[in-house]
S.K.: 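Sharing a structure here in structure tokens format.
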Amino acid sequence: MAKILIENREYEVEDGQNLLQACLSHGFNIPYFCWHPAMHSAGACRQCAVKVFKDENDTRGRIVMSCVMPVAKGMRVSIDDPEAKAFRENVIEWLMSNHPHDCPVCDEGGECHLQDMTQMTGHVYRRFRFKKRTYKNQYLGPLVNHEMNRCIQCYRCVRFYRGYAGGRDLDAFASRNRVYFGRSEDGVLESPFSGNLVEVCPTGVFTDKTLKSHFARKWDLQTAPSVCVHCGVGCNIIPGERYGELRRVSNRYNGEVNGYFLCDRGRFGYEFVNSPQRVKEALLKTADGVQEVSKEEALRLASHMIGMGGKVMAVGSPRATVETNFALRTLAGAENFYSGFSRHEARLASLIVEVMEKGPARSPSLKEVRSADAVLVLGEDVTNTAPILALALRQAAKNGPLKTAMKLGIPFWDDMAIKTATQGKKGPFYAAAPYATDDDDAAVKTFHGPPVEIARFAAAIARELNPSLPIVDGHSEETASLAREVAQALLEAERPLVVSGTGSGSEAVIQAAANVAWALCARGKKAGLTMVMPECDSLGAALIDSKGLDEAFAAAAEGEFDTLVIAENDIFRRMETEDAENFLASFSHVIVIDHVINDTVKAAHITLPGASFAESTGTLINFEGRAQKFFQVFVSAGAQQASWRWLKDMMDSTGLKLQKWESLDDVTSDAAAVIPAFEKITRAAPKHGFRIAGQKIPRQTHRRSGRTAVEADKTVYESKPTEDEDTPFSFSMEGFQGQPPSPLIARFWAPGWNSVQSVTKYQEYAGGPLRGGDPGLRLIEPKVAGAPFFKAVPISFKARKYGWLLVPMPRLFGSEELSVFSPPLASLQAKPFIGIAEEDAERLEVEEGDEIAVRANGKSFGLPAIFVPGLTRGVAAVPLLPGMAMLTLPAWGVLTRAKRRAA
Amino acid sequence: MQGVITPLIMIIAILVSLTTMSAGLIWMERRLLALWQDRYGPNRVGPFGLLQVVADMLKIFAKEDWVPPFSDRFVFILAPAVIMSAVLFAFAVVPFAPGISVIDLDIGILFFLAMSSLNIYGIVLAGWASNSKYSLLGGVRGAAQMLSYEVFMGLSLMGVVMLVGTFNLRGIVEAQQGLWFFVPQFPALVIFFIAGLAETHRIPFDLPEAENELVAGYHTEYSGMKFGMFFVGEYLGIVLISALITTLFFGGWLGPVLPPVIWFLLKTMFFIMLFILLRAALPRPRFGQLMSFGWKLMLPLSLLNVLATGAALLLLA
Amino acid sequence: MLSILQSVWKMMLHAFRERVTVQYPDEKPVLAPRYRGRIILSRDPDGLERCVACYLCAAACPVDCIALQADETVDGRRYPSFFRINFSRCIFCGYCEEACPTYAIQLTPDYEMSEYKRPSLVYEKKDLLISGTGKYPGYWYYKVAGAAVKGKDKGDGLEEEPPVDVRSLMP
């Protein structure tokens with residue numbers, strides 16, 4: 001802590017900070033563009049000028065750029081100094097001399113950092129009389145819109161896209177005052193983090209194309225704090241609604257999880273909520289087909305089915321909330337409740353729960369991941385299974401070089417100097433996967449092999465760390481030395497991290513990863529162990545129950561069950577089609593609650609419209625073991641309601657007194673009381689009765705428009721806002737206008753700061769945690785005693801003459817169940833293919849693009865061949881895409897060249 | 001029979017013309033206020049907007065006659081009747097012209113004072129029965145104001161009574177053949193006029209119904225014809241005070257050329273217009289100012305007037 | 001006391017003043033062009049809608065009586081897919097006109113818009129849109145804004161330089 005004087009008053013600032021960050025942290029407003037709390041200072045825009053004085057006798061002072069000025073003890077700073085002010089106003093005036101007059105048609109308008117900063121400096125009148133520069137725009141794909149005229153050359157986009165996110169296809173082009181930010185040619189942005197350009201860009205060069213297709217201004221969006229449901233990371237998001245339609249998703253800062261960024265699946269996957277495939281009304285299947293029925297009628301029929309006396313089985317889902325799964329468990333009883341994992345998923349999930357609950361390695365938050373100084377990824381294609389974790393790992397990979405640069409006396413925030421000093425050097429980041437992944441370019445060394453080989457490679461590393469573990473023989477010298485190198489790097493680090501998960505589909509990999517992390521713990525390292533799980537509540541579902549659907553099938557086959565209730569689970573994704581059909585056929589009644597029409601919904605006797613994440617409130621547990629509550633954003637026009645509420649209504653109308661729930665909090669409290677792992681879950685966020693000064697927290701901004709006109713075409717009588725019994729939020733603009741506690745931040749806004757940069761005002765210090773701590777509550781902490789190591793080492797992989805090992809290949813767009821219903825993401829999704837090693841093409845007598853007949857699990861289908869780099873011979877990669885048959889992977893199959901069609 | 005029918009016809013004729021007149025006053029007041037405020041006032045319904053009265057009456061009769069469920073029902077209904085009948089009774093002693101009056105009481109002035117005191121009951125009861133804070137405050141104000149001003153209203157008339165030596169109004173008119181009493185009794189006229197304003201709670205002394213503090217004072221909860229009765233009662237009060245000013249100070253029906261009734265009406269109308277002019281011109285004082293004005297200025301003045309009149313009579317006698 | 005009499009006297013003299021009331025509808029007042037009456041949406045000189053659906057009028061409206069939805073034509077021109085003003089709530093304050101960056105929304109001197117039913121006071125875009133430019137005949141938003149639309153490519157606007165391409169490397 002150092003004391004500095006700002007405007008002649010003393011303030012305590014963190015040592016090593018830059019002056020801009022220090023001043024912002026104390027609530028001062030200094031305009032800036034190129035500085036970003038996650039990407040630090042570039043000194044490019046010259047906007048954050050302040051005056052620094054030598055001592056109390058210095059009356060002239062000197063103008064410095066505060067973002068590249070380290071704070072020093074006793075520093076005297078003036079922000080309001082007339083010369084500094086004039087300087088900042090001139091800089092804005094220069095920037096504005098070429099900025100177009102198109103705010104009305106700019107999607108950034110109203111949440112534009114440039115607008116805010118222009119207001120802040122007080123520049124109002126254009127004196128520049130000459131022509132304005134214009135630019136041609138580029139097509140950057142269906143997600144991000146490009147309008148180069150608006151650019152102010154702050155370089156944030158390139159610094160994020162290339163430097164922070166490791167993208168390669170966006171750069172600065174052209175010359176002098178015509179610098180151009182774009183791609184070398186029109187085309188879809190390749191980075192899975194391209195959507196962040198929308199928030200990183202301080203003006204409207206990059207805007208959200210999905211928002212543009214149904215545009216609403218920030219002040220009109222009805223928002224609530226929410227959690228992304230498209231993977232297991234649990235990024236915090238702010239979905240925005242207008243006219244009953246979800247309009248966009250923007251980032252909700254949570255320092256412990258996603259920080260400032262989201263992946264494209266999370267940012268643009270929301271459109272499934274608006275999909276025509278949504279189940280909007282209750283559906284009843286009769287002999288004449290499917291017909292819509294009223295909510296009451298559906299409930300009457302459903303409760304009749306349940307109340308008839310037959311046994312009820314309930315199948316939950318790893319993408320349903322804790323409350324929904326618990327409500328199902330309450331309805332059917334613990335023994336008749338299944339979490340909805342496939343047999344294979346259930347095995348992996350229960351293994352992960354065991355590793356997390358019993359092991360000594362801590363499952364780190366993403367903030368801890370970002371600060372890890374050595375990383376080993378085992379078998380996980382992180383960019384495709386948990387993209388934001390991949391982004392965090394990329395930052396971790398920079399920590400090694402950063403340390404060296406800081407030894408040269410460069411402050412950590414001096415981005416440009418650090419880049420020059422490190423010269424793109426990579427830190428100790430090792431990645432092992434069945435094929436070359438998008439993370440490989442951040443790694444110093446990579447290892448490619450089938451899952452068993454990855455497990456063996458990991459076992460070799462573990463052996464290096466702990467000689468009591470079994471020896472792994474048969475490794476090539478190259479692999480053995482790599483294992484030694486990795487072990488050495490992990491040992492040299494202070495906070496090493498091992499990442500694995502369900503992505504490779506192999507238990508051996510998970511066990512081996514745990515062994516490495518535990519061995520590091522035994523050597524006194526604060527080793528982290530991240531286990532990636534694919535769905536938003538995978539861990540939560542596994543903590544309630546980890547029986548697989550195969551057990552449900554076996555129990556149903558006994559024939560004692562009468563009714564099956566499934567919530568938010570398409571069992572055709574998790575069981576062989578035939579099994580699923582037989583399973584459903586063994587019940588006289590099937591009741592399904594879900595958002596979208598899928599095969600399970602089609603097979604149901606009664607379908608109840610479930611509310612999506614934006615239409616309901618609930619708790620999700622991410623793969624870190626962090627319980628996070630998301631809140632309802634809007635009330636949909638249809639009959640949708642939260643799955644747990646459907647279940648409660650069913651239980652109520654059957655007259656079975658299984659629960660006494662009145663609001664969501666009662667369900668959560670019951671779950672916490674019944675399931676030991678959920679003991680602390682109710683503390684994840686304030687309960688529904690929470691008020692500030694007796695007021696609820698408004699979901700609508702104070703500037704929302706159109707209240708008396710929105711419904712005027714239907715009725716001129718303005719309706720009363722819906723009352724919310726489950727949350728401390730109101731569906732109106734009335735309520736507490738100040739900053740709520742961190743789990744309840746519905747939007748980021750501060751006076752004079754309309755853009756997302758206002759997040760600084762919500763943080764304890766600029767770039768730090770949210771006031772009162774980042775939201776979410778960790779449920780699982782490591783055990784100091786630790787569990788015994790896994791002793792088994794799998795036998796090594798041998799390519800077979802006819803058989804092929806099919807390994808799963810998760811894809812960012814297409815592998816997640818709900819985001820495929822988002823049209824822009826669907827358009828980016830790959831067509832089904834089979835990935836083979838280029839070296840195997842000869843063996844199969846195919847060229848790239850030729851059709852290959854694949855036979856596995858008794859099924860056969862034809863797929864075009866694509867060469868996947870890094871694949872071992874004899875291994876084929878099966879992308880998890882819609883339209884592909886359900887396969888339990890890894891599995892052995894047969895690949896043959898399909899008969900060429902006659903030309 | 002003759003002895004009964006003639007007074008009965010007289011009574012009915014006076015009653016009808018009084019109520020009609022007070023209804024017509026609604027129109028007149030609005031037109032006059034508009035005139036002094038550079039507007040037109042009601043000029044759309046019928047010639048000069050005269051039928052506005054009819055429209056207003058129709059409206060007020062057609063309105064729902066609502067009695068608030070929280071009120072004291074019986075008293076609530078009684079109060080407007082008390083007000084209206086008290087004023088109408090007072091008219092019994094007013095000599096409109098020779099031969100046109102209901103009754104020729106020897107204690108005419110006392111009867112008038114008695115009746116105007118009864119008026120207070122109407123207001124207090126209305127305020128009380130409404131069971132609402134605004135009504136109650138209005139009622140209390142009304143009672144205090146009317147009680148206070150009644151004191152010197154009576155005293156101011158004593159000068160006239162002393163000059164004539166009778167309480168009989170007809171006698172008082174006839175005693176003004178030579179000189180109208182506003183000349184010798186000018187202070188009494190002023191005091192009586194001011195007291196009359198307060199008794200009828202007209203602007204500037206309309207504190208019992210001060211709308212910007214008390215909504216509508218004692219008749220806040222009233223609607224329909226019950227409200228109409230308060231309204232009519234107020235206008236009848238104006239007519240009554242104007243008629244008494246005419247009778248007591250301006251020689252009643254006396255005047256050349258024109259028939260006596262016309263003279264009476266003309267004089268009365270002049271004072272009614274004065275009432276309306278005051279409404280157009282003056283703001284409302286605070287309640288404290290009203291009370292101290294009455295007790296500290298008007299009461300001593302009226303006592304002085306009695307003293308001076310008595311002294312003058314003794315000296316001249 | 002004297003002042004009271006004075007004010008009574010002055011009030012009485014008003015009986016001889018001219019009356020200020022305008023006898024509407026027998027006589028009609030002469031209104032200035034900037035009178036704030038019925039709201040209209042005007043068109044650009046080329047006959048296309050001026051409104052670019054920026055939502056500023058809706059945000060400025062103190063009674064929240066304007067609702068609209070932005071949309072875009074294939075050639076990049078923004079327009080409101082619906083535009084609704086609830087005149088039964090409108091207070092004719094003119095803030096929407098002040099906020100409008102394209103002179104699209106204008107208040108006119110027409111005030112005769114009484115209706116028997118409140119729903120008749122809800123005006124949709126077809127009721128609001130006029131065929132001309134209204135009070136500002138020359139203004140053409142896209143000529144002064146940087147955005148490209150059909151008929152006005154990048155650099156074609158007033159005071160615009162020819163567009164820079166990604167390959168403009170020549171100094």
Side-chain angles (χ1 to χ4, degrees), chain A residues 98-107 109-110 129-138 147-150 171 173-186 212-217 219-220 242-243 245 701 703-718 733, chain C residues 51-61 63-72 76-78 82 84-90 100-102 104 117-119 121-124 141-142 144-149 153-171:
Chain A
N98 275 316
H99 192 76
H101 175 72
D102 67 351
C103 298
V105 292
C106 176
D107 293 351
R129 299 227 187 132
F130 302 96
K131 291 185 170 179
K132 276 186 181 179
R133 176 182 60 202
T134 60
Y135 285 95
K136 282 203 156 51
N137 300 332
Q138 286 182 328
E147 175 55 69
M148 257 308 288
N149 277 3
R150 298 169 187 151
D171 213 339
F173 296 94
S175 63
R176 54 186 184 104
N177 79 332
R178 304 186 300 190
V179 180
Y180 192 102
F181 296 92
R183 300 179 87 250
S184 58
E185 56 188 11
D186 283 20
K212 190 182 173 184
S213 67
H214 37 48
F215 183 63
R217 295 260 177 230
W219 62 69
D220 280 337
R242 180 75 168 156
Y243 301 146
E245 191 185 0
T701 68
R703 206 182 282 157
R704 185 179 173 89
S705 73
R707 185 180 55 85
T708 63
V710 171
E711 291 174 348
D713 56 333
K714 291 172 208 88
T715 168
V716 286
Y717 307 103
E718 286 109 36
M733 58 178 98
Chain C
C51 176
V52 296
C54 69
Y55 293 99
L56 288 184
C57 49
C61 182
V63 290
D64 289 347
C65 74
I66 305 180
L68 66 150
Q69 173 57 52
D71 205 344
E72 195 172 290
R77 207 184 156 101
R78 293 276 177 113
F82 77 84
R84 184 180 306 132
I85 300 181
N86 183 352
F87 279 109
S88 73
R89 288 289 188 193
C90 181
C100 183
T102 66
K117 286 180 186 152
R118 273 179 69 196
L121 283 166
V122 177
Y123 281 38
E124 296 291 339
Y141 172 71
Y142 280 107
V144 290
V149 288
D153 206 351
K154 284 287 175 71
D156 289 353
L158 300 168
E159 298 291 307
E160 278 184 11
E161 279 177 359
V164 176
D165 191 26
V166 65
R167 298 183 193 284
S168 305
L169 275 170
M170 295 304 285

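Proteins get letters first, then strands, A, B, ... in listed order; numbering begins at 1 in each. Values below: all heavy atoms of this structure, side chains included; hydrogens, waters and symmetry mates excluded.
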S.K.: Answer with side chain, backbone, both or neither: which region of A:Asp220 has an atom nearer than 4.5 Å to a non-hydrogen atom of chain C?
M.R.: side chain
S.K.: What part of A:Tyr243 gets closer than 4.5 Å to chain C, counting heavy atoms only: side chain, backbone, both or neither?
M.R.: side chain
S.K.: Identify which of A:Val710, A:Asn137, A:Asp713 forms the greatest number of heavy-atom pairs closer than 4.5 Å to chain C.
M.R.: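 That would be A:Asp713.
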S.K.: Looking at CG of C:Asn86 and OH of C:Tyr123, how far apart are the two atoms once the value is rounded to the nearest 0.5 Å?
M.R.: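 Reported value, rounded in 0.5 Å steps: 11.0 Å.
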S.K.: Check each atom of A:Glu245 against the heavy atoms of chain C and say whether the ones under 4.5 Å are side chain, backbone, both or neither.
M.R.: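 Neither the backbone nor the side chain of A:Glu245 comes within 4.5 Å of chain C.
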S.K.: Do you know the tightest heavy-atom contact between A:Thr134 and C:Pro163?
M.R.: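 Smallest interatomic distance, heavy atoms only, reads OG1-CA, 3.0 Å.
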S.K.: Any idea which heavy atoms bring A:Tyr135 and A:Val179 closest together, and the distance?
M.R.: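 Smallest interatomic distance, heavy atoms only, reads OH-O, 2.9 Å.
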S.K.: So what's closer than 4.5 Å to chain A heavy atoms on C:Arg89: side chain, backbone, both or neither?
M.R.: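 Side chain only.
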S.K.: Taking all atoms of both residues into account, what is the closest heavy-atom pair of C:Thr102 and C:Cys51, and its distance?
M.R.: OG1-CA, 4.3 Å
S.K.: Given that the side chain runs from C-beta out, which part of C:Cys61 has a heavy atom under 4.5 Å from chain A: side chain, backbone, both or neither?
M.R.: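 No part of it gets close to chain A.
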S.K.: Among A:His214, A:His99, A:Arg217, A:Met148, which residue forms the greatest number of heavy-atom pairs with chain C at distances under 4.5 Å?
M.R.: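 When all of A:His214, A:His99, A:Arg217, A:Met148 are compared, A:Arg217 has the most.
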S.K.: Do C:Tyr55 and C:Gln69 have side-chain heavy atoms sitting under 4.5 Å apart?
M.R.: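 Side-chain contact under 4.5 Å: yes.
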S.K.: Is there a donor-acceptor contact under 3.5 Å from the side chain of A:Asn149 to the main chain of C:Gly146?
M.R.: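 Between the backbone of C:Gly146 and the side chain of A:Asn149 there is a qualifying donor-acceptor contact (under 3.5 Å).
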S.K.: Measure distances from C:Val166 to the heavy atoms of chain A and classify the residue's part below 4.5 Å as side chain, backbone, both or neither.
M.R.: both
S.K.: With a 4.5 angstrom heavy-atom cut-off, which part of A:Lys212 approaches chain C: side chain, backbone, both or neither?
M.R.: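 For A:Lys212, the side chain is the part near chain C, not the backbone.
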S.K.: Would C:Lys154 and A:Glu147 count as a salt bridge (charged side-chain N to carboxylate O under 4.0 Å, His left out) here? Give the steps.
M.R.: CA-CA 11 Å; C:Lys154 284 287 175 71; A:Glu147 175 55 69; 2.9 Å; yes
S.K.: In terms of heavy-atom proximity below 4.5 Å to chain C, should A:Arg704 be classed as side chain, backbone, both, or neither?
M.R.: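 Backbone of A:Arg704 only, per the 4.5 Å heavy-atom cut-off to chain C.
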S.K.: Quick check on C:Glu160 against chain A: is it the side chain, the backbone, both or neither that has a heavy atom closer than 4.5 Å?
M.R.: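 For C:Glu160, the contact with chain A is made by backbone and side chain together.
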S.K.: Quick one: what part of C:Leu121 sits under 4.5 Å from any heavy atom of chain A, side chain, backbone, both or neither?
M.R.: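 The answer is neither part of C:Leu121.
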S.K.: Would you confirm whether A:Gln138, through its side chain, and A:Arg183, through its main-chain N or O, come within 3.5 Å as a donor-acceptor pair?
M.R.: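 A pair under 3.5 Å: yes.
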S.K.: Pick from A:Lys714, A:Arg703, A:Lys131: which one has the most heavy-atom pairs with chain C under 4.5 Å?
M.R.: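 Of the candidates given, the most pairs with chain C belong to A:Lys131.
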S.K.: Under 4.5 Å from any heavy atom of chain A, what part of C:Arg78 do you find: side chain, backbone, both or neither?
M.R.: side chain
S.K.: Evaluate side chain to side chain contact (heavy atoms under 4.5 Å, CB included) for A:Phe215 paired with C:Glu72, printing each intermediate quantity in order.
M.R.: CA-CA 9 Å; A:Phe215 183 63; C:Glu72 195 172 290; over 6 Å; no
